[in-house]
Amino acid sequence: MKEDFFKVGYSTYIQKNENEKQKWTSKLFGKILEHKFITTICLIILACMTMNMWLIYKFINILHI
């Protein structure tokens with residue numbers, strides 16, 4: 001079979017509405033994808049800090065009892 005059996009193609013010039021504003025969530029998601037390494041490091045640090053505070057809280061509860 002030939003590849004151009006249906007004679008369907010696409011254009012590299014997809015028309016976008018230039019007046020449409022980009023939403024803030026799309027901007028944020030784009031920045032996160034752009035800076036994956038920094039985002040990963042920040043999330044790891046945040047997770048470690050949260051776990052540390054939770055473990056300190058549990059340890060204080062054990063000492064209190």
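Remember, it's a predicted structure, so these values are computed and weren't measured experimentally.
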For residues 45-54, run the donor-acceptor check on the side chains, cut-off 3.5 Å, and write out each pair with its distance to 0.1 Å, sequence neighbours left out.
residue, atom, partner, partner atom, Å
T50, OG1, L46, O, 2.8

**Asked** Say you draw a straight line from CG of L28 to NZ of K23; how long is it, rounded to the nearest 0.5 Å?
**Response** 14.0 Å
**Request:** Each residue besides Y57 in its hydrophobic cluster should be listed here, by chain and number; the cluster joins Ile, Leu, Val, Met, Phe, Trp and Tyr at side-chain heavy-atom distances under 4.5 Å.
**Result:** none
**Fill in**
Across all chains, not counting sequence neighbours, the side chain to side chain contact (heavy atoms under 4.5 Å, CB included) partners of T39 are I32, H35, L43
